[in-house]
Amino acid sequence: MGVLVELQDVGQVYGEVVALDNTTTRFEPGSFTTIVGPSGCGKSTLLDIVAGLNRINDGRVLVDGQLLSAPRRETGIIFQEAALLPWRTVLENAAFALEARKVPEAERQAVAADVLRRVGLSEFGGHYPHQLSGGMRQRTAIARVLSTAPDLVLADEPFGALDEQTRVVLGFELLKMVRHVKATVIFVTHSIQEAVLLSDRILVMSARPGRIILDAPVDLPAERDPSVLGLKEAARLTEQVWGLLRTEAEDALARQGAAL
Ligand code: ADP
């Protein structure tokens with residue numbers, strides 16, 4: 001079951017850069033939230049904080065009411081690059097997180113085989129990462145995360161390097177799988193379409209100092225497929241998010257220009 005994540009007055013400063021400014025928000029158990037915003041607005045910083053990787057300057061983070069002070073085993077992280085071990089097979093990569101948890105070999109194999117089946121890679125368990133397409137590598141990374149039955153999944157542009165069709169297919173697969181384990185998901189993306197298609201809530205962040213400037217529910221049917229993009233609500237939301245992002249991107253470009 002997914003956890004409740006609460007950020008209370010959280011601030012993160014790097015030198016003079018305010019990466020995240022006094023942010024208060026909560027992520028409900030089992031919810032799927034996407035975060036969009038211009039480069040450098042603090043999206044990765046926010047994920048690192050929720051992962052327990054950053055020592056924050058201000059405020060606190062609670063997971064199911066408990067103060068977060070270190071990374072949790074039940075949190076799964078998916079990066080843009082699959083970060084697989086090249087000398088291990090797909091099956092061994094899928095089982096990797098279980099080794100660190102000292103799960104016995106037979107059980108590791110069984111769980112890894114099961115998650116590979118769920119991501120459609122059963123026939124590729126004996127392959128090595130370099131023999132796979134980018135989409136299949138990312139599927140393996142998803143399998144590795146799912147093998148630990150996470151209650152919180154943090155994804156940092158996981159499909160950013162893939163072509164659009166693969167991206168949409170993998171997005172729906174991920175959605176199905178995290179719903180199956182009822183994990184809470186926080187998903188960073190540059191794609192407004194991906195945000196509308198997959199999530200039940202969209203947060204838009206502003207360029208420095210990083211702040212949440214829109215917190216909008218995605219009021220679309222729970223059963224998602226590409227046809228939801230044709231609905232009026234999807235068009236309205238896309239326009240609203242795009243309007244904010246365009247202003248933010250223009251401001252960020254103007255600042256870069258001024259700094260040159
Ligand atoms: P995003 O993920 O939205 O692109 P980040 O969270 O990576 O943004 O970064 C937010 C801001 O904090 C940026 O200005 C970035 O340069 C700065 N920053 C991030 N990490 C560090 C760090 N370890 N040291 C110094 N500055 C950092």
Side-chain angles (χ1 to χ4, degrees), residues 5-27 32-61 63 68-72 75-83 138 141-142 145 152-162 167 170-171 174 184-196 198-199 201-216 238 240-260:
V5 178
E6 296 170 272
L7 271 66
Q8 299 177 343
D9 301 314
V10 171
Q12 178 85 57
V13 180
Y14 297 110
E16 307 222 314
V17 174
V18 181
L20 197 65
D21 190 30
N22 196 15
T23 295
T24 297
T25 191
R26 52 191 274 144
F27 301 90
F32 194 126
T33 306
T34 42
I35 303 180
V36 293
S39 288
C41 73
K43 303 182 292 297
S44 301
T45 299
L46 193 149
L47 283 193
D48 286 351
I49 289 170
V50 176
L53 296 168
N54 270 17
R55 269 250 291 262
I56 49 180
N57 305 97
D58 286 311
R60 52 186 206 151
V61 180
V63 176
L68 178 72
S69 53
R72 304 166 62 248
T75 300
I77 306 181
I78 309 172
F79 302 98
Q80 184 171 340
E81 294 302 328
Q138 206 51 296
I142 293 171
V145 164
L152 175 61
V153 173
L154 307 175
D156 200 348
E157 289 189 63
F159 310 135
L162 305 176
R167 183 180 187 132
L170 284 192
L174 178 70
T184 307
V185 182
I186 310 177
F187 184 108
V188 167
T189 177
H190 270 117
S191 163
I192 303 176
Q193 175 180 299
E194 196 168 53
V196 171
L198 300 183
S199 59
R201 175 186 179 212
I202 300 178
L203 299 180
V204 179
M205 290 181 64
S206 68
R208 291 184 223 154
R211 282 197 195 118
I212 294 169
I213 51 173
L214 177 74
D215 183 344
T238 302
Q240 184 183 19
V241 173
W242 170 238
L244 287 169
L245 287 183
R246 183 172 51 198
T247 313
E248 284 299 323
E250 282 167 0
D251 288 354
L253 279 173
R255 267 198 305 276
Q256 283 166 21
L260 290 176

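Please read these numbers as outputs of a predicted model, since none were measured by experiment. Every number for a ligand or one of its atoms is a count from 1 in the order of the listing.
Of all protein heavy atoms, the one lying nearest to atom 10 (C) of ligand 1 is G40 O, 3.4 Å. In terms of protein heavy-atom proximity, atom 23 (N) of ligand 1 is closest to Y14 CE2, 3.7 Å. Atom 7 (O) of ligand 1 has as its closest protein heavy atom S44 CB, 3.7 Å.
For atom 20 (N) of ligand 1, a protein heavy-atom neighbour is present inside the 4.0 Å cut-off. Distance check for atom 15 (C) of ligand 1: every protein heavy atom is found at 4.0 Å or beyond.
Close N/O approach between A19 and ligand 1 is not found [any backbone or side-chain N/O within under 3.5 Å]. Ligand 1 has no nitrogen or oxygen under 3.5 angstrom from a nitrogen or oxygen of V17. Geometrically, ligand 1 and S39 share no nitrogen or oxygen pair separated by less than 3.5 Å.
Of the candidates V36, L20, I213, L20 is the only one forming a side chain to side chain contact (heavy atoms under 4.5 Å, CB included) with M205.
Atom CZ of R26 and atom OG1 of T184 lie 11.0 Å apart (nearest 0.5 Å). Distance check, rounded to the nearest 0.5 Å: CG of L174 to CZ of F32 gives 5.5 Å.
K43 contributes no side-chain N or O that, together with a main-chain N or O of I35, makes up a donor-acceptor pair within less than 3.5 Å. Of the possible donor and acceptor atoms, one in the side chain of Q138 sits under 3.5 Å from a partner among the backbone N and O of Q80.
Atoms of ligand 1 found under 4.0 Å from any heavy atom of G42, numbered from 1 in the order shown, are 1 (P), 3 (O), 5 (P), 6 (O), 8 (O), 10 (C). Near C41, the atoms of ligand 1 lying under 4.0 angstrom from a non-hydrogen atom of the residue are 1 (P), 3 (O), 8 (O). Distances below 4.0 Å separate heavy atoms of K43 from the following atoms of ligand 1: 1 (P), 2 (O), 3 (O), 4 (O), 6 (O), 8 (O).
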Show me the side-chain donor-acceptor pairs of residues 185-196 shorter than 3.5 Å, one per line, residues at least two apart or across chains.
from : atom 1 : to   : atom 2 : distance (Å)
T189 : OG1    : S191 : N      : 2.8
T189 : OG1    : E194 : OE1    : 2.6
H190 : ND1    : E157 : OE1    : 2.9
H190 : ND1    : E157 : OE2    : 3.2
S191 : OG     : Q193 : N      : 3.4
S191 : OG     : E194 : N      : 2.9
E194 : OE1    : R167 : NH2    : 3.2
E194 : OE2    : R167 : NE     : 3.3

Residues 244-254 side chain polar contacts: donor-acceptor under 3.5 Å, at least two apart:
from : atom 1 : to   : atom 2 : distance (Å)
T247 : OG1    : G243 : O      : 2.9
E248 : OE1    : A207 : N      : 2.7

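Of all heavy-atom pairs between T34 and S199, the closest is OG1-OG, 2.8 Å.
With a 4.0 Å cut-off on non-hydrogen atoms, T45 touches ligand 1 through its backbone as well as its side chain.
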